[in-house]
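Scroll down for the structure; my scribbles are underneath it.
Counting starts at 1 for both ligands and their atoms, in listed order. Quick note: residue numbers are just sequence positions, from 1. Atoms considered below: every heavy atom in the structure, side chains included; atoms not considered: hydrogens, waters and symmetry mates.
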Amino acid sequence: MTTSPLVLQVIICSTRPGRKGPVIAQWAADQARAHGKFTVEVVDLADFDLPILDAAKHPRFGEYESEATKRWSASVARADAYVFVTPEYDFSMPASLLNALQLIYHEWTYKPLAFVSYGGESGGLRSVQMTKQVVTTFKMVPIVETVAVHMVAQHFDEATATFSATEGHSKKAAAMLEELHRWAVALKPMRG
Ligand SMILES: Cc1cc2nc3c(=O)[nH]c(=O)nc-3n(C[C@H](O)[C@H](O)[C@H](O)COP(=O)(O)O)c2cc1C
């Protein structure tokens with residue numbers, strides 16, 4: 001029996017004009033395609049124009065008010081695993097990411113999550129740690145393997161909007177994707 005590849009969504013978590021997120025996400029998606037075990041999609045939070053949490057009931061009821069949230073729900077539901085490409089803002093995750101997480105609920109449940117983070121000296125790791133705490137409430141499984149781009153400006157050419165990853169970044173991405181795939185296979189039966 002042949003089974004279709006699991007769907008991996010690489011999610012661009014920053015939404016501000018001039019952000020580096022899309023370029024780094026493109027790199028992450030290229031790594032995932034080279035890894036070869038997932039069907040890879042790039043999803044941009046900025047494309048959804050999400051409201052700040054606007055549902056009267058807890059999102060676990062799935063009674064979403066806005067068309068944007070319904071569209072977001074359908075997009076997230078399609079995936080078997082995620083890579084969040086996220087910066088760190090003020091030692092924290094971007095507000096756009098926290099809101100996108102909290103708007104929905106069951107769409108995330110029993111799915112694995114990895115991170116490509118970026119920032120200054122921290123490489124976005126404080127953002128990752130905060131996000132890990134939040135996603136466990138949806139019963140997501142954030143994995144240990146990660147790619148953290150420290151001092152992102154040194155790897156980024158503003159004039160050409162090009163991200164130059166190191167060999168270390170690529171090796172870490174390969175290890176992360178392999179582990180993410182193992183969890184994606186293991187968790188799929190839990191979603192019935
Ligand atoms: C509002 C704001 C707060 C930031 N705070 C941090 C921070 O706490 N730690 C850090 O390493 N970088 C911080 N930075 C720098 C970002 O990591 C860097 O600008 C990165 O490119 C932001 O991602 P983006 O370009 O996709 O928006 C901050 C940037 C902004 C705009």
Which pairs would a plain distance check flag for residues 128-135, meaning a side-chain donor or acceptor within less than 3.5 Å of a matching protein atom at least two apart in sequence or in another chain?
from : atom 1 : to   : atom 2 : distance (Å)
T131 : OG1    : S127 : O      : 2.7

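- Contact check for E121 versus H150: no side-chain heavy atoms found under the 4.5 Å cut-off.
- Side chains of D30 and R33 form a contact here, defined as non-hydrogen atoms less than 4.5 Å apart.
- Summarising the local packing, CG of D157 is surrounded by more than 12 heavy atoms from other residues, nucleotides or ligands at distances under 6.0 Å.
- Residues lining ligand 1 at a heavy-atom distance below 4.0 Å are given as S14, R16, R19, K20, G21, P87, E88, Y89, D90, F91, Y118, G119, G120, S122, ordered by chain and residue number.
- Contact check on K20 versus E158 returns a salt bridge, with a Lys/Arg side-chain nitrogen under 4.0 Å from an Asp/Glu carboxylate oxygen.
- In this structure, NZ in K172 is found 11.0 Å from CD in E145, a value given to the nearest 0.5 Å.
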